[in-house]
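Below is one structure, written out as C-alpha cells; comments come after it.
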Amino acid sequence: MKKEIIIIGGGAAGMVAAISAARNGAKVTILEHKEKLGKKILATGNGKCNYTNLHQSTDCYRSENIPFVEEVFSHFDEKDTITFFKKLGIFPKSRNGYMYPNSEQSASIVDVLVMELNRLQVEVRCNEEVKKIKSIEDGFQIDTIVTVTEPKMGKEKNSKNTTKNKREKLVAVDTYHSSYHAKKVIIATGGMASSKLGSDGSGYYFLKELGHKIIPVVPALVQLKAEGDFFEMVAGVRCDVGLQILIDGIQVASEEGELQLTNYGISGIPVFQISRYAGKALLDKKDVQVVIDFLPEVSFSDLKEMLEQRITQCTYKTTDEALIGLLNQKLIQMLLYQTEKQCKNHIDIMKLAHLIKNFPVRIMDTNSFDNAQVCAGGVDTTEIDGYKLESKLHKGLFVVGELLDVDGICGGYNLQWAWATGYLAGVACTS
C-alpha cells in the first residue's frame, strides 16, 4: 500500500505530528500497535495531565547536546503549546506555572487530539505493530503485523467477588502481515518507559538498523534502590528533605522536596529528578551515593544546639524520647540504629547532628523501565536537524519525542518536548 506520510506511534508526539502535517494538506497515516491512541498521556499528572510548564530553561532538560534543545524550542515553545491546545478547546489552568486542562482530566487532551485527527481525515490504524523499516530508492518500506480483534462479553466481579455485570472487551482472534511504501516516515514510538502503555523500545532498534547512533538508554524519573537493611523499618515514611547525588564522590546535582522511603530505597519527586544521573553512572560502573538532609531548613549549628538542649536538659528522657516531635519516630529509630547507641556527650550529639544533615545512602540500581516515567539517552541528536527533526542520514525520515537523547524533569517538560518535536516534524515533512 502506497502512503504519502506514515507516522509510527500514536502517542503525544505522533498525534501532534499527524495534525500539523495534515493541516498542511498531507495525507497522513498513523500506525499504532496498541488498541487506541494516547494511552501514555492518560496516565500523566496522576490523570490530570500537566501538559506543559510556563517556566522553561535549559536547566529543565538533560541531553548530551543542549544546543539542540534550544534550537527546537526557539521554533516551538510553551506559549505555542498553550495556543495549539486552546484552539482545540483546552482552557488552560496554571498551578504555579504547571499547566493543566481546566477539566483536570488527561482524557480531555487525548479527546481533542483525536477529534482533530478525525476532522483532518488522518487514517488511524491501531493494533498494527511495525516489525521493520527499510530505506528504499523513493522512500521507505514498512512491514507490519496486524492483530484482528473482536468484542467478547466478560464478567466483572465486585469487591465481594460476586458477579456484578457483564462488560465487553476486545480479544485477539487473528493476525496477518502487511506492508507499506511511504515517501516520508516520522518515528514517534516513544522510548522504553512504561511499556504497558506502548513504549516498547522498538524505535531504538529501527533507528539503529538505519545507521543511527543510540546513546545508551537508562530509566529516568524513577525510584532508586539502595543498600541497607534499615529501609524496612522506615518504609512508608514521607518527609521534606534536601538531596545531593555524588558520582565517585563528586556532587553532580541537588534537589529539595518530599522524600518517600520504601522497603527497597528512596522515591518521590526529588529522587526522580536526580535518578537519570544515577542510572547513567551505574551503567558506567561508577559509585553512586545520595546524601539526605532530613532538616534542610535548619543549619548544622542550630541543629546541634537544638539537640543539646533536648538531650542534656531532659536527662530523664532517652535519646529517642528526646527527639520525639522533631522527626518521624521511624526515622528516629533508623538514625539511632546507625549510631548504635544513645547520645551521652557532646561528641555523640555532634555525630547525630551530622547524620541528620548528611545521611549517606549507597545506590545499587534504579527501578525498571516499567516503573520509569521517561528514559535518559536515545538517538544521538547530532544526527538530527534541530529545526525539521529530520535525519541527516536519511532524507524523509524524522525522529521525535522521547526517542531522542533529551529528557526533562518532572513538571510537564517531557510532554512539552513531545509536542514541540512532533509539531515541527509534521510541518517539515510537508515542505
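This is a predicted model, so every value here is computed, not measured. Numbers here are sequence positions counted from 1.
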For a 4.5 angstrom cut-off between non-hydrogen side-chain atoms, does Met350 reach Phe300?
yes
Pairwise side-chain contact, Lys36 with Val114, heavy-atom cut-off 4.5 Å (strictly under)
no
Is there a side-chain contact between Val241 and Asp293, using heavy atoms and a 4.5 Å cut-off?
no
Exam field: side chain Gln329 to backbone Ile324, donor-acceptor pair closer than 3.5 Å:
no
Closest approach of Gly386 and Phe68, non-hydrogen atoms and distance?
CA-CE1, 3.4 Å
If only atom types and distance count, is the side chain of Ser20 paired as donor or acceptor with the main-chain N or O of Ala17 below 3.5 Å?
yes
If the plane angle is over 60° it's perpendicular, under 30° parallel, otherwise tilted; pick one for Trp419 and Phe85.
perpendicular
Kindly check if the number of other-residue, nucleotide or ligand heavy atoms within 6.0 Å of OH (Tyr423) is above 12?
no
Does Asn46, at its CG atom, have more than 12 non-hydrogen atoms belonging to other residues, nucleotides or ligands within less than 6.0 Å?
no
Do other residues, nucleotides or ligands put more than 12 heavy atoms under 6.0 Å from the CZ atom of Arg238?
no
Check whether more than 12 heavy atoms from other residues, nucleotides or ligands sit under 6.0 Å from atom OH of Tyr264, and answer yes or no.
yes
Counting only N and O atoms by type, is there a donor-acceptor contact under 3.5 Å from the side chain of Ser391 to the main-chain atoms of Leu397?
no
More than 12 non-hydrogen atoms from neighbouring residues, nucleotides or ligands closer than 6.0 Å to NZ on Lys392, yes or no?
yes
For the backbone of Val298 and the side chain of Lys357, can you confirm whether one donor and one acceptor N or O come within less than 3.5 Å of each other?
yes
Would you say that Ile311 contacts Asp348 through its side chain, given a criterion of any heavy-atom pair below 4.5 Å between the two side chains?
no
Side chain to side chain contact (heavy atoms under 4.5 Å, CB included), that's the test. Do Lys330 and Leu261 meet it? Break it down for me.
CA-CA 11 Å; Lys330 288 184 178 180; Leu261 292 161; over 6 Å; no
Please work out whether the ring planes of Trp417 and Tyr61 are parallel, tilted or perpendicular, with thresholds of 30° and 60°.
tilted
Hey, are Ser202 and Thr189 close enough side-chain-wise for a donor-acceptor pair under 3.5 Å?
no
So for atom CG, which belongs to Asn263, do other residues, nucleotides or ligands contribute more than 12 heavy atoms lying within a distance under 6.0 Å?
yes
Ignoring hydrogens and geometry, is there a side-chain-to-backbone donor-acceptor pair from Arg62 to Asp407 under 3.5 Å?
no
Decide yes or no on side chain to side chain contact (heavy atoms under 4.5 Å, CB included) for Asp77 and Gln56, but give the supporting numbers first.
CA-CA 9 Å; Asp77 62 16; Gln56 294 285 332; over 6 Å; no
Are any side-chain N or O atoms of Glu232 and backbone N or O atoms of Asp229, one a donor and one an acceptor, separated by less than 3.5 Å?
no
Phe359 versus Leu335, closest heavy-atom pair with distance
CD1-CD2, 3.8 Å
Test side chain to side chain contact (heavy atoms under 4.5 Å, CB included) on Thr58 and Glu70 and set out the steps.
CA-CA 7 Å; Thr58 53; Glu70 294 174 325; 3.3 Å; yes
Would a distance-only check, ignoring hydrogens and angles, find a side-chain to backbone donor-acceptor pair under 3.5 Å from Thr29 to Ile6?
no
Answer whether the closest heavy-atom distance between the side chains of Gln273 and Leu221 falls below 4.5 Å.
yes
Has Asn50 got a side-chain atom pairing as donor or acceptor with Met99's backbone, closer than 3.5 angstrom?
yes
Answer yes if the side chains of Thr147 and Glu129 hold a donor-acceptor pair under 3.5 Å, and no otherwise.
no
Of the non-hydrogen atoms in Ala281 and Ile247, which two are nearest, and what is the gap between them?
CB-CD1, 3.5 Å
Distance-only, no hydrogens or angles: does the Asp405 side chain make a donor-acceptor pair with backbone N or O of Thr381 under 3.5 Å?
no
For Lys93, does the NZ atom sit with more than 12 other heavy atoms under 6.0 Å from it, leaving out its own atoms?
yes
Considering non-hydrogen atoms only, spot the tightest contact between Leu331 and Cys239 and give its length.
CD1-SG, 4.0 Å
Flag, side chain of Thr144 to backbone of Lys131, donor-acceptor distance under 3.5 Å
no
Indicate whether the side chain of Asp370 and that of Ser368 have a donor and an acceptor atom separated by less than 3.5 Å.
no
Rounded to the nearest 0.5 Å, what separates atom CE in Met15 from atom CD in Glu32?
8.5 Å
Can you confirm whether Thr319 sits close enough to Thr339 that some side-chain heavy atom of one is under 4.5 Å from a side-chain heavy atom of the other?
no
Thr262 side chain near Phe231 side chain, heavy-atom distance below 4.5 Å:
no
Do Cys60 and Asn53 have side chains that approach each other closer than 4.5 Å (heavy atoms only, starting at C-beta)?
no
Scanning both residues in full, the closest heavy-atom pair of Lys286 with Leu282 reads O-CD2, 4.2 Å
Between Ala107 and Leu42 the two heavy atoms that sit nearest each other are CA-CD2, 3.6 Å
Please determine whether side chain to side chain contact (heavy atoms under 4.5 Å, CB included) holds for the pair Val379 and Ile214, giving the CA-CA distance in whole Å, both sets of side-chain angles, and the decisive distance to 0.1 Å.
CA-CA 5 Å; Val379 176; Ile214 307 298; 3.8 Å; yes
